[in-house]
Amino acid sequence: MDSSEFAAPSIKFSLSTQEEDKDTSIFPLPNGPQMVAPLQTKKKPRRVKVALEPGHSPLDWAKLKNSGADLRGVPCIGKYTLEDLKKHKSETDAWCAIQGKVYNLTAYLNFHPGGKKELMRAAGRDATKLFMNVHSWVSTDILLDQCFVGFLVPS
Ligand code: HEM
């Protein structure tokens with residue numbers, strides 16, 4: 001066997017000056033990850049810090065929930081359609097549906113860590129998507145158990 005078959009490919013080294021390096025620089029490549037990733041990164045929903053009124057901390061909410069106060073405002077659990085929900089979209093009477101469950105949000109409005117205004121975006125509608133986009137890790141089953149008024153059903 002001819003030893004030349006195993007010869008390593010020849011690599012050309014050039015002792016270029018710094019000036020030349022600048023001209024031929026290929027980093028970052030225009031379509032390389034450093035350039036493309038920031039363009040492809042989707043904007044995350046904005047998380048706004050809101051100052052809650054004194055007496056409206058998460059702990060205060062837990063105390064209110066456990067106080068026995070009626071936070072539902074209805075005598076029994078019911079079935080509600082989207083049309084029914086639309087009738088409850090004011091700050092004094094705000095309902096919404098999340099994952100098939102209907103909640104009376106009214107008592108929680110001033111306790112919501114994201115602020116009343118944000119929470120009012122859910123009022124009178126199925127807010128599942130909105131809710132999941134902002135904080136899918138939050139448990140309505142736990143936080144709003146005492147505000148549960150019924151189930152969302154098709155019209
Ligand atoms: C309907 C029931 C809802 C409940 C029980 C709820 C509960 C909470 C909780 C516990 C937090 C604090 C989460 C954390 O810091 O990790 C929070 C934050 C927040 N919520 Fe909600 N939320 C609800 C609906 C909504 C809706 C409909 C919106 C608006 C689209 C919203 C917007 C926000 C925002 C922007 C924050 C961020 C506040 C921060 O970073 O301090 N929430 N919510």
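We count ligands from 1, going down the list as the structure has it; atoms in each ligand are counted the same way. In this chain, residues are counted from 1 in sequence order.
- Within the structure, the side-chain hydrogen bond (donor to acceptor under 3.5 Å, both in side chains) test picks out the following pairs touching residues 58-71 (sequence neighbours left out): S57-D60, K65-D145.
- Distances below 4.0 Å separate heavy atoms of L143 from the following atoms of ligand 1: 5 (C), 10 (C).
- Listed by atom number, the atoms of ligand 1 under 4.0 Å from I98 heavy atoms are 1 (C), 2 (C).
- The N/O atoms of E118, backbone and side chain alike, include none that comes under 3.5 Å of an N/O atom in ligand 1.
- A donor-acceptor pair is defined here as one N or O able to donate and one able to accept, closer than 3.5 Å; such a pair exists between the side chain of D84 and the backbone of T81.
- No more than 12 heavy atoms of other residues, nucleotides or ligands sit less than 6.0 Å from atom CD of E53.
- Residue-ligand proximity, L130 to ligand 1, at heavy-atom distances under 4.0 Å covers atoms 27 (C), 30 (C).
- Judged as a side-chain hydrogen bond (donor to acceptor under 3.5 Å, both in side chains), and not counting sequence neighbours, Q99 has no contacts.
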Fill in: Intermediate values then yes/no, side chain to side chain contact (heavy atoms under 4.5 Å, CB included), N104 and L71
CA-CA 7 Å; N104 183 346; L71 306 180; over 6 Å; no
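- Between T128 and D126, the side chains place a donor N or O and an acceptor N or O closer than 3.5 Å (distance only, hydrogens not considered).
- Those atoms of ligand 1 that come under 4.0 Å of a heavy atom in L119, given as number and element, are 1 (C), 2 (C), 3 (C), 23 (C), 24 (C), 25 (C).
- One hydrophobic cluster, built from ILVMFWY side chains closer than 4.5 Å, cannot hold both V102 and I77; they sit in different ones.
- Remark: ligand 1 and T140 share no N or O pair separated by less than 3.5 Å (distance only, no angle test).
- Listed by number with element, the atoms of ligand 1 under 4.0 Å from a non-hydrogen atom of L105 are 1 (C).
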Worksheet entry | Trace of the side chain to side chain contact (heavy atoms under 4.5 Å, CB included) decision for F148 with T140 | CA-CA 9 Å; F148 173 63; T140 43; over 6 Å; no
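- At a heavy-atom distance under 4.0 Å, no atom of A127 approaches ligand 1.
- Residue Y108 has no nitrogen or oxygen atom sitting less than 3.5 Å from a nitrogen or oxygen atom of ligand 1, judged on distance alone.
- The residue from S139, C96, G114, A123 that puts a heavy atom closest to atom 36 (C) of ligand 1 is G114.
- Which parts of ligand 1 touch A122 is read off a 4.0 Å heavy-atom cut-off, strictly below it: atoms 27 (C).
- Taking the six-membered ring for Trp and thresholds of 30 and 60 degrees, F111 and Y108 have nearly parallel ring planes, at less than 30 degrees apart.
- The atoms of ligand 1 that sit less than 4.0 Å from any heavy atom of V134 are 30 (C), 32 (C), 33 (C), 34 (C), 35 (C).
- In the vicinity of R121, heavy-atom distances shorter than 4.0 Å reach the ligand 1 atoms 30 (C).
- Nearest to atom 11 (C) of ligand 1 by heavy atom, out of P113, A94, A97, C147, is P113.
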